*Asks:* 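One structure, pasted below without further comment.
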2 protein chains.
Amino acid sequence: MPLAKEEYLPNISYDSVIFGFSGEKLKILILEYHNMKTFALPGGFVKIDEPLDTAVKRGLSERTGLDELYLEQFRTFGSMERFSSEVMRKILEEQGHVVEDHWLLGRFITVAYYALINYEIVVPTPDKLSDSIKWYDFDQLPSLMMDHNEIVEKALDHLRMNLDQKLLSFNLLPERFTMKELKQVYDTILGETQNRANFQRKMLGLNILERHEKLFTGGSHKAPFLYSFKKAE
Amino acid sequence: MPLAKEEYLPNISYDSVIFGFSGEKLKILILEYHNMKTFALPGGFVKIDEPLDTAVKRGLSERTGLDELYLEQFRTFGSMERFSSEVMRKILEEQGHVVEDHWLLGRFITVAYYALINYEIVVPTPDKLSDSIKWYDFDQLPSLMMDHNEIVEKALDHLRMNLDQKLLSFNLLPERFTMKELKQVYDTILGETQNRANFQRKMLGLNILERHEKLFTGGSHKAPFLYSFKKAE
DNA sequence: CCAAAAGTGTTCTTATTACACCCATGA
DNA sequence: TCATGGGTGTAATAAGAACACTTTTGG
């Protein structure tokens, strides 16, 4: 029996905003409940004896197949407006659960996390209550259940802050990458085009990059250097 | 019956780091459990139908007598190490509660908030489980229960970030204040002395201050201007 | 007239920005 | 030798830090 009452803490959930990037567009992982036209962020619950962080990692690993994800907690949402038992009731009925007094119908306080990954190396897997999970372009998100649209906005605000220090942790780029690829990550996430020359100088000035051999692509132009993030310090 | 099981969400608590300032030292509000030599941050629990933010405001209002406090949520702590039922058991026994299977002995995920107030206008009131609550100098905190020392450190990190925008919201200074008083707030919270001339220029440059009449203290020196924060925009 | 504290100026240094220039590459 | 993209240079401006100078005040 999945989601048994005895296994989980009641009234506490987590929701995760999983940003995906692969060269050009910023995407977000959204799941859809079976036959419901109801969209939501991938989330889950915390087991009785499980650390919160572990619960989130477990849930994401199940849905993306990735371990070693860099997750950042950014906010906990606990208003009453965010709770709507009607939607949850329909979802449970659709699944054939006994609905009266089901613990999932209660009010939940949710801890929100975000992650950033390369969506090309991920095959999303739906959870027990939903039947589809897909990447959506960030600027074409459907309307999400409860306060999930608000959670996405707040997540992006946090992602944009101090991107420099975070990019090291996200394993978003290949081991070795060009300055152009790195700039493309910034441009997409920040939603604005940086100046090429100044971006290069700023990145090199941060002293977090190591320069390697040049990359010859066959294009009729100067070959760019490859870089990698410096290990440790 | 206080803290009845039916009234509150289980497994969820909040803890608050209440910074106090009044001219020179930064202090923190710490409570001590009866006869226990156990020190803790003031915290509390969320009622079944109560928004999280409201619960925190309620708890703080009970302990400081202040409403309209500006509270900022900064992190949620959910590890297993933070939970130690031994300490809680002793506290409950001391109060004469029936201890076996008490809901407060379970594992708690706690949402942490901080606030900053003028400690001279506050008479702290202990909560139901403790019998004393006092201001402690920030640099002379006792060892706190569970992970509360860690929570204090993290709170200070967040308080120090973007202090400019927050000072408006904290009702810390009197309606009208001198530049010297404002600088003293910064110096104390940031733990380092700012340059007087540059501080003045920076503050005036932020365009959040209104200049009023001069303050004549009787001191044998130039009288400083009084300032207030600009309302709205 | 003096000391103390407040206000303002000056200079030096360090980011940030915008744009120009030269170099390597393959067709 | 040309177009393309990549690397570096330069000048203008803005922001920050350090310190000096002048003004106001009461004794």
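For clarity, every value in this text was computed on a predicted model and none was experimentally measured. Letters go in sequence order (proteins before strands), and every chain restarts at 1.
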*Asks:* Measure from the side-chain N and O atoms of N195(B) to the backbone N and O of N198(B), and report whether any donor-acceptor pair falls under 3.5 Å.
*Replies:*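 Yes; judged by distance alone, with no hydrogens or angles, the pair exists.
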*Asks:* Need to verify one output field. Residue with the more 5' nearest nucleotide on DNA chain D, N198(B) or A197(A)?
*Replies:*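 Looking at DNA chain D, the more 5' nearest nucleotide goes with A197(A).
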*Asks:* Centroid-to-centroid, F21(A) to Y119(A), below 6.0 Å?
*Replies:*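 That pair fails the under 6.0 Å test.
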*Asks:* What integer distance in Å separates L215(B):CG from dG7(C):C1'?
*Replies:*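 Interatomic distance, CG of L215(B) to C1' of dG7(C): 15 Å.
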*Asks:* List every contact pair, protein side and nucleotides 21-23 of chain C side both N or O, where the distance is under 3.5 Å.
*Replies:*
none

*Asks:* What's the CZ-P distance between F199(A) and dT17(C), to the nearest Å?
*Replies:*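 Rounding to the nearest Å, CZ of F199(A) and P of dT17(C) are 13 Å apart.
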*Asks:* For chain A and DNA chain D, what are the first and last nucleotides along the strand, 5' to 3', with at least one atom under 4.0 angstrom from a heavy atom of the protein chain?
*Replies:*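 Under 4.0 Å from chain A, the extent on DNA chain D is dA3(D) to dT10(D).
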*Asks:* Taking the ring of F108(B) and the ring of F45(B), is the distance between their centroids below 6.0 Å?
*Replies:*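 Here the rings of F108(B) and F45(B) have centres that are less than 6.0 Å from each other.
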*Asks:* Using a heavy-atom cut-off of under 4.0 Å over every strand shown, decide if K180(B) touches base, sugar-phosphate, or nothing.
*Replies:*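 Sugar-phosphate only.
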*Asks:* Indicate, with yes or no, if the rings of Y113(A) and F74(A) have centres closer together than 6.0 Å.
*Replies:*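 No.
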*Asks:* What is the distance, rounded to the nearest whole Å, between atom CZ of F177(B) and atom P of dA6(C)?
*Replies:*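 About 15 Å, once rounded to whole Å.
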*Asks:* Hey, which of these two, H221(B) or Y227(B), hits DNA chain C nearer its 5' end, going by closest nucleotide?
*Replies:*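 Comparing both residues, the 5'-ward one is H221(B).
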*Asks:* Under a plain distance cut-off of 3.5 Å, with no hydrogens placed, do Y186(B) and Q184(B) share a side-chain donor-acceptor pair?
*Replies:*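 Q184(B) vs Y186(B): no donor-acceptor pair found between side chains.
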*Asks:* Between S61(A) and D67(A), is there a side-chain donor-acceptor contact under 3.5 Å, judged purely by atom types and distance?
*Replies:*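 Yes, because at least one side-chain N or O of D67(A) sits under 3.5 Å from a partner of the opposite role on S61(A).
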*Asks:* If I take atom CD in residue E181(B) and atom P in nucleotide dA5(C), what distance separates them, rounded to the nearest angstrom?
*Replies:*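 Rounded to the whole Å, the gap is 15 Å.
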*Asks:* Between dG9(C) atom P and L204(B) atom CG, what is the distance in whole Å?
*Replies:*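 Checked: the CG to P distance equals 12 Å.
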*Asks:* Whole angstrom is fine here: how far is it from CD in Q200(B) over to P in dG9(C)?
*Replies:*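 Value for this atom pair: 11 Å.
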*Asks:* Any side-chain donor paired with an acceptor under 3.5 Å for Y114(B) and D15(B)?
*Replies:*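 No donor-acceptor contact under 3.5 Å links the two side chains.
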*Asks:* More 5' along DNA chain D: A223(A) or R201(A), using each one's nearest nucleotide?
*Replies:*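 Counting from the 5' end, the first nearest nucleotide belongs to A223(A).
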*Asks:* I would like to know whether E213(B) and R176(B) meet salt bridge (Lys or Arg N to Asp or Glu O under 4.0 Å); could you show each step before the answer?
*Replies:* CA-CA 10 Å; E213(B) 79 283 0; R176(B) 298 196 174 186; 2.9 Å; yes
*Asks:* Can you label the angle between the F229(B) ring and the F177(B) ring as parallel, tilted or perpendicular, going by 30° and 60°?
*Replies:*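 Tilted: the ring planes of F229(B) and F177(B) meet at 30° to 60°.
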*Asks:* Nearest whole angstrom, please: distance from the P of dT16(C) to the CG of N195(A).
*Replies:*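 The distance from CG of N195(A) to P of dT16(C) comes to 13 Å, rounded to the nearest Å.
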